[in-house]
2 protein chains.
Amino acid sequence: MMAASLNSTPENNMLKLDNQLCFPLYAVSRMLTKAYQPYLLALDLTYPQYLVFLLLWEQESLTVKQIGEKLLLDSGTLTPLLKRMEQKQWVSRQRDPHDERSVVIGLLPAGRALQAQACQIPEQILTKLHMSPTEFTALRTQLNQLLSQLT
Amino acid sequence: MMAASLNSTPENNMLKLDNQLCFPLYAVSRMLTKAYQPYLLALDLTYPQYLVFLLLWEQESLTVKQIGEKLLLDSGTLTPLLKRMEQKQWVSRQRDPHDERSVVIGLLPAGRALQAQACQIPEQILTKLHMSPTEFTALRTQLNQLLSQLT
DNA sequence: CAATGTTTAATTGCACACAACTAAATTTTT
DNA sequence: AAAAATTTAGTTGTGTGCAATTAAACATTG
């Protein structure tokens, strides 16, 4: 009886903002990006550019395609973003001689130098979140599971 | 000894993409928006426009400021978005006679009619997530807590 | 090896996000 | 009430995101 009434009216609870999962995800994502802002601004970085650096600091050289696969971004987003990073002399962009279709993004000295300044950012963000390491890991795990469902 | 070494090297684990909370949040948020895409496209809606409707379907009339407070968006985002929704005859935009600074957004019949078509979207998304109601609620609660920390 | 199909970036166009600024209306203070 | 401060949208400019298209390079197939 009650189960049937869950969707019996157009104005059912499912459409209330407070009952959505999508909204807090959307909002937390943007607010967390904003929390990074002051630290990234000091390095003249945007948030997606910071994510590209997280990859390049682990592996100095990646193709646009590899970056796109890891960050789930396509060339329409990455090409202009990487061109801006190239203008700032942070990365190099050159065709792979073995496969001219690919563009290899390489970390330049100025880009490598940013790592030393960025390495304290995660801890400072973590402080803002007021989360225990347990909560942090649990939430990350849940989100990663959800991510694998959605990709 | 070990504790000190956690940050002793620039190439520490904190800067690895896999250890970040920010990336899965950012990625899940975008992928979830993409999951809504086919349903929203059928209604000629974008995702943020859908969020505005979630509010207006609960309360037929809201000022730009009230919408901004609930969705955590400013007028730079909302003004053009709401103008597009006005062009489609979904909402009205008019100055509040009692306070000419405010612009009241009102739900028009065409906008109200969309609710009937949208009311099945949440369930269909929920199916895609493969989450139990318990997991769903727990994640939503955690995200809402995080959101309150970040605002 | 020529034709076809696939892969990879780049380009184009649209819609957010958001910082910074402007301008009008309202409120508060003097 | 006049001046100053605040509130509220709108505007401008930059940087994503992403769908759709294009073009070049490579791979596959007959």
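First the proteins, then the strands, lettered A, B, ... as listed; each starts at 1. Note that the coordinates shown come from a computational prediction; the quantities given were computed from them, not determined experimentally. All heavy atoms count here, side chains included; hydrogens, waters and symmetry mates do not.
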Report, one line per pair, each donor and acceptor closer than 3.5 Å where one atom sits in a side chain of residues 81-90 of chain B; sequence neighbours left out.
residue, atom, partner, partner atom, Å
Glu86(B), OE1, Arg93(B), NH1, 3.2
Lys88(B), NZ, Asp44(B), OD2, 2.9

Stepwise, does the side-chain contact (heavy atoms from CB on, under 4.5 Å) test hold for Leu43(B) with Tyr50(B)?
CA-CA 10 Å; Leu43(B) 307 184; Tyr50(B) 170 71; over 6 Å; no
With sequence neighbours left out, the residues meeting side-chain hydrogen bond (donor to acceptor under 3.5 Å, both in side chains) with Lys65(B) are Glu69(B)
Please list, in 5' to 3' order, the outermost nucleotides of DNA chain C lying under 4.0 Å from any heavy atom of chain B.
dA15(C) to dT26(C)
Return the set of residues passing side chain to side chain contact (heavy atoms under 4.5 Å, CB included) with Thr33(B) (not counting sequence neighbours), or none when no residue passes.
Tyr47(B)
Tell me every residue that passes ring-ring contact (aromatic ring centres under 6.0 Å, His included) with Tyr39(A), counting only those two or more places apart in sequence or in another chain.
none
Contacts of Phe23(A) meeting ring-ring contact (aromatic ring centres under 6.0 Å, His included) (sequence neighbours excluded), chain-then-number -> none
Sort me out a list of protein N/O and nucleotides 1-7 of chain D N/O pairs below 3.5 Å, or just none if empty.
residue, atom, partner, partner atom, Å
dT7(D), O4', Arg101(B), NH1, 3.4
dT7(D), O2, Arg101(B), NH1, 3.4

If you take any heavy atom closer than 4.0 Å to DNA chain C, which residues from residues 90-97 of chain A end up in contact?
Arg93(A), Arg95(A)
Solution key, residues 138-151 of chain B side-chain donor-acceptor pairs under 3.5 Å, sequence neighbours excluded:
residue, atom, partner, partner atom, Å
Arg140(B), NH1, Asn19(A), O, 3.1
Thr141(B), OG1, Thr137(B), O, 2.8
Asn144(B), ND2, Arg140(B), O, 3.2
Ser148(B), OG, Gln145(B), O, 2.6
Thr151(B), OG1, Leu147(B), O, 2.9

Could you note down all residue pairs passing salt bridge (Lys or Arg N to Asp or Glu O under 4.0 Å) where residues 142-151 of chain B supplies at least one of them, sequence neighbours left out?
none
Say whether, by atom type as modelled, one donor and one acceptor occur between the side chain of Glu135(A) and the main chain of Ser132(A) under 3.5 angstrom.
yes
Has Gln124(A) got more than 12 heavy atoms of other residues, nucleotides or ligands less than 6.0 Å from its CD?
yes
Got a list of side-chain donor-acceptor pairs under 3.5 Å for residues 98-113 of chain B, not counting sequence neighbours?
residue, atom, partner, partner atom, Å
Asp99(B), OD1, Arg101(B), N, 3.1
Asp99(B), OD1, Arg101(B), NE, 3.0
Asp99(B), OD2, Arg101(B), NH2, 2.8
Arg112(B), NE, Glu60(B), OE2, 2.8
Arg112(B), NH2, Glu60(B), OE1, 2.7
Arg112(B), NH2, Glu60(B), OE2, 3.2

Check whether Lys128(A) reaches the backbone of Ala35(A) with its side chain - one donor and one acceptor, N or O, closer than 3.5 Å.
yes
Spell out protein contact along nucleotides 11-22 of chain D as letters: B when the base is contacted, S when just the sugar-phosphate is, - when no protein heavy atom is under 4.0 Å; keep the 5' to 3' order.
B---SSBBB---
